[in-house]
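Some notes on the structure that comes next.
The model shown is predicted, which means the values in this text are computed figures rather than measured ones. What's counted below: heavy atoms across the whole structure, side chains too, no hydrogens, waters or symmetry copies.
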Amino acid sequence: MKKIVLAYSGGLDTSCAIKWLKDKGFEVVCFIADLGQDEDFQKIEERALAGGASKVYVKDLKDEFIKDFIIPAIKANAVYEGKYLLATALGRPLIAKYLVEVAHKEKAEYVGHGCTGKGNDQVRLEVTTGILDPKLKIIAPLREWEFKSREEEIDYALKHNIPIDVTKKKVYSLDRNLWGISIEAGILENLDQEPPEDAYIMTKSPNSASTYPKYVEISFEKGVPKKVDGKAYGLKEMIFMLNEIGGAYGVGRSDMVENRLVGIKSREIYEAPAGTILYTAHRELECLVLDRELAHFKEIISLKYAELIYYGLWYSQLKEALDGFINSTQEHVSGTIRLKLFKGACVAVGRQSPQSLYKKELATYGKEDKFDQKLAEGFIKIWGMPYKR
Ligand code: ARG
C-alpha cells in the first residue's frame, strides 16, 4: 500500500484530506507540528485517528523554531514589505523538515499538505521538501479535489463521519504560531473595509487599551534578547510573556495588501505583539551600535533576507551566506532599549549600550562640545569636489 505523511492541523481541510487520500489508496500517517499555536494537541491527535489516520506524530518544535528560525529573523530585522514579521513563512520550512524526517522513518514515498493552490505555503513546503529529499513525491489534495466550497467539504465530512468542529460559517482563515498570527479571507477581501474587531485574536483594540502607557526594557547580548526589565528569561518564556503584554496594549497589529509569490496581491492582517516589541528594540539598539555604512548595508540585506523567508528559500545557499554576514554584524549588538507601549504604538524612549557609538561630547550643542567645527570646512570642500563642473 502507498504511504503518505500528511501535515495535519486538525482543521476541516486536512481532516477531509485524510479520508480523500485513503479513498485514493493511501495509508495516511499524520504529522502535527507544535509551533506554539494555541491548540489542544491531544484532541487534534484523537481527531486524526478517528478520521482514519493509521498513525499520528505530534512534535513539539517550539525550541527549534526559536533557536533556528526566530533568532536569525530577529538578528536580520526580517520584515516583508514593511509590515509582515513572517510568522507563517518562518514556520513552513521547519514543518517541511519534519515531514521529510517522518516520511523517512515511516518509509513513505509521499508527503502531503492542506495548502491551497493559490497561496505561498504550498510553495514553501514543497520547495523545502524538494531541497531536503528530491525523491519524495508530494500530493496537495486541495489543488486536486472536487470540492468547490467549504460547505461541500462540510457535507463530505458529515457524510463520512469525519470528526470536525466547525459550523458552516467560518469567518476567517487563520494561521498561528508563537511568533504571530495571520488572518485573511471573509470580509477582509474588501480592501475598503476596516478590519472588524472580531478579526483580531492576540491583541486588544488600541481604542480600549489602557490610557496609561507601559514601559518595558529589553536587553540584548550579541543580537539575542536576554532580559526583560533586568530579569533574565529564556526566549520561549519571554516571547509568550511579551505576546501577553504587547497584546494588552494593542501592539503588533498590521493590515496590508501584499505581493504573493504566485503573482497575486492579497489582503491580510497580522498580529505579532512579541515580534513587534523585539524587532523594534533590536533595530533601535542597532542604530546605536552599528557604524553608518554597516547599518545602511544591513538594511539591504534585511530586505533580501525577508524575501528569502517569504519565498520559501530558507534552505538555500544565499540564505546561509547572508547568515554569515548577519551574524558578524551582531558582534556589538548588546545593550538595553526602553520601549513605551501605548494604545497600539511601540516606540523606543531609552537607549543604552556599552558598545554605543554615540558620543555626547561630539553631538552636544552645549558648552561641553568637543567637535572641532573648523574641520568641517575642509571636509565639505573635499566631499563636494567631485560634483563641481
Ligand atoms: N500571507 C501570509 C504568508 O504568505 C500568511 C499565509 C497564511 N495565512 C492564513 N491566514 N492562513 O506568509
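- The two residues Ile277 and Gly246 have their closest heavy-atom pair at CD1-CA, 3.9 Å.
- In summary, Glu153 and Lys19 do not engage in a salt bridge, as defined by a charged side-chain N under 4.0 Å from a carboxylate O.
- With values rounded to the nearest 0.5 angstrom, Glu197 atom CD is found 4.0 Å from Ser205 atom OG.
- Under the salt bridge (charged side-chain N to carboxylate O under 4.0 Å, His left out) rule, Glu217 has a single partner from Lys340, Arg351, Arg338, which is Arg338.
- Using a cutoff of 4.0 Å between basic side-chain nitrogens and carboxylate oxygens, Asp13 and Arg150 are not scored as salt-bridged.
- Ring centers of Phe31 and Tyr57: at least 6.0 Å apart, outside the cut-off.
- Under the salt bridge (charged side-chain N to carboxylate O under 4.0 Å, His left out) test applied with Arg260, the options Glu268, Glu81, Glu184 reduce to a single match, Glu184.
- Between the side chain of Ser254 and the backbone N or O of Lys83 there is at least one donor-acceptor pair closer than 3.5 Å.
- Residues Leu178 and Ile66 form a side-chain contact, since some pair of their non-hydrogen atoms from C-beta on lies under 4.5 Å apart.
- Across Val102, Ile139, Leu125, Ile138, a single residue satisfies side-chain contact (heavy atoms from CB on, under 4.5 Å) together with Val111, and that is Ile138.
- Applying the 6.0 Å contact sphere to CD of Glu320 captures no more than 12 heavy atoms from other residues, nucleotides or ligands.
- Here CD1 of Ile300 is found 11.5 Å from CG of Leu322. Values are rounded to the nearest 0.5 Å.
- Remark: Glu101 does not engage Lys105 in a salt bridge, criterion side-chain N to carboxylate O under 4.0 Å.
- For the residue pair Asp198 / Tyr172, a side-chain donor-acceptor distance below 3.5 Å is found, with atom types taken as modelled.
- Counted by atom type alone, Ser182 and Asp175 present zero donor-acceptor pairs between their side chains at under 3.5 Å.
- Note on Lys67 versus Glu64: no salt bridge recorded, every NZ/NE/NH1/NH2 to OD/OE distance being 4.0 Å or above.
- Of all heavy-atom pairs spanning Ile18 and Ala53, the tightest one is CG2-N, 3.8 Å.
- At a threshold of 4.5 Å between non-hydrogen side-chain atoms, the residues Glu27 and Lys2 do not count as touching.
- The distance from the CG atom of Asp40 to the CZ atom of Arg47 is 9.5 Å, given to the nearest 0.5 Å.
- Without hydrogens or angle criteria, His113 side chain to Cys115 main chain gives a donor-acceptor distance under 3.5 Å.
- With sequence neighbours excluded, the residues forming a ring pair (Phe, Tyr, Trp, His ring centres under 6.0 Å) with Phe325 are Phe297, listed by chain and number.
- Between the Gln122 side chain and the Gly119 main chain, a donor and an acceptor come within less than 3.5 Å of each other.
- Looking only at distances, a side-chain donor or acceptor of Asn120 sits under 3.5 Å from a matching main-chain atom of Leu261.
- Annotation: side chain of Glu286 is in contact with side chain of Asn77 (closest heavy-atom distance under 4.5 Å).
- The aromatic rings of Tyr310 and Tyr80 sit parallel to each other, their planes meeting at less than 30°, with 60° as the upper class boundary.
- Checked by atom type and distance alone, the side chain of Tyr84 pairs as donor or acceptor with a backbone atom of Ala89 at under 3.5 Å.
- Taking CG from Leu313 and NZ from Lys304, the interatomic distance works out to 8.5 Å, rounded to the nearest 0.5 Å.
- Side chains of Tyr305 and Asp323: a donor-acceptor N/O pair is present below 3.5 angstrom, by distance only.
- Phe342 and Tyr200 fall into different hydrophobic clusters, where Ile, Leu, Val, Met, Phe, Trp and Tyr side chains are chained together by heavy-atom contacts under 4.5 Å.
- Residues Ile337 and Leu339 form a side-chain contact, since some pair of their non-hydrogen atoms from C-beta on lies under 4.5 Å apart.
- Side-chain heavy atoms closer than 4.5 Å link hydrophobic residues (I, L, V, M, F, W, Y) into clusters, and following such links, possibly through other members, connects Leu308 to Val123.
- Here Glu331 pairs with Lys222 in a salt bridge; the nearest charged N to carboxylate O distance falls below 4.0 Å.
- No donor-acceptor pair closer than 3.5 Å links the side chain of Glu361 to the backbone N or O of Lys370.
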One pair to check against side-chain hydrogen bond (donor to acceptor under 3.5 Å, both in side chains): Glu146 and Tyr156. What are the steps and the verdict?
CA-CA 11 Å; Glu146 54 282 16; Tyr156 175 82; 5.8 Å; no
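- Defined by atom type and a distance below 3.5 Å, a donor-acceptor pair is present between the side-chain atoms of Tyr8 and Ser15.
- Side-chain contact check for Ile95 versus Leu35: some heavy-atom pair is nearer than 4.5 Å.
- Hydrophobic clustering (side-chain heavy atoms under 4.5 Å, transitive across Ile, Leu, Val, Met, Phe, Trp, Tyr) groups Ile239 together with Val224.
- By the neighbour-count criterion of 12 heavy atoms within 6.0 Å, atom CD of Glu194 is sparsely surrounded, having that number or fewer from other residues, nucleotides or ligands.
- No side-chain donor-acceptor contact under 3.5 Å links Thr336 and Gln352.
- Residues Val171 and Ile269 fall within the same hydrophobic cluster, defined by Ile, Leu, Val, Met, Phe, Trp and Tyr side chains chained together at heavy-atom separations under 4.5 Å.
- With hydrogens and angles ignored, the 3.5 Å screen pairs no side-chain donor or acceptor of Thr364 with any backbone N or O of Lys360.
- For the pair Asn190 (side chain) and Gln193 (backbone), a donor-acceptor distance under 3.5 Å is absent.
- Put simply, the side chain of Phe220 does not reach to within 4.5 Å of the side chain of Lys226, judged on heavy atoms.
- Considering only heavy atoms from C-beta on, Asp63 comes within 4.5 Å of Lys236 through its side chain.
- Contact check on Lys3 versus Glu109 returns no salt bridge, with no Lys/Arg side-chain nitrogen under 4.0 Å from an Asp/Glu carboxylate oxygen.
- Members clustered with Ile380: Phe379, Trp383, by chain and number, using a 4.5 Å side-chain heavy-atom cutoff among hydrophobic residues.
- A continuous path of Ile, Leu, Val, Met, Phe, Trp and Tyr side chains, each step under 4.5 Å between heavy atoms, connects Tyr358 with Leu285, placing both in one hydrophobic cluster.
- Salt bridge status for Asp165 with Lys43: present, with a side-chain N to carboxylate O gap under 4.0 Å.
- The neighbour count for Lys59 NZ, taken as heavy atoms of other residues, nucleotides or ligands under 6.0 Å away, does not exceed 12.
- Under the 3.5 Å distance criterion, the side-chain polar atoms of Lys343 are matched with a main-chain donor or acceptor of Pro206.
- Of all the heavy atoms in Pro196 and Leu188, the pair that sits closest is CD-CD2, 4.3 Å.
- Note: Phe26 and Tyr110 meet the aromatic proximity criterion, with ring centroids under 6.0 Å apart.
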Test ring pair (Phe, Tyr, Trp, His ring centres under 6.0 Å) on Phe69 and Trp314; report intermediate values, then the result.
CA-CA 9 Å; Phe69 294 82; Trp314 185 263; 4.7 Å; yes
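- Between Asp229 and Lys231, no side-chain nitrogen of the basic residue sits less than 4.0 Å from a carboxylate oxygen of the acidic one, so the salt-bridge criterion is not met.
- Aromatic rings of Phe147 and Trp20 (six-membered ring for Trp) have centroids beyond the 6.0 Å cut-off, not under it.
- Here the side chains of Ile4 and Val29 are not in contact, with every heavy-atom distance at 4.5 Å or above.
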Verify salt bridge (charged side-chain N to carboxylate O under 4.0 Å, His left out) between Glu189 and Arg267, making sure each step is shown before the conclusion.
CA-CA 6 Å; Glu189 288 169 2; Arg267 202 286 186 86; over 6 Å; no
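- Judged purely by atom type and a 3.5 angstrom limit, Asn177 uses its side chain to pair as donor or acceptor with the backbone of Ala87.
- Val28 and Leu21 make their closest contact through CG2-CB, 3.8 Å (heavy atoms, listed as atom of the first residue, atom of the second, distance).
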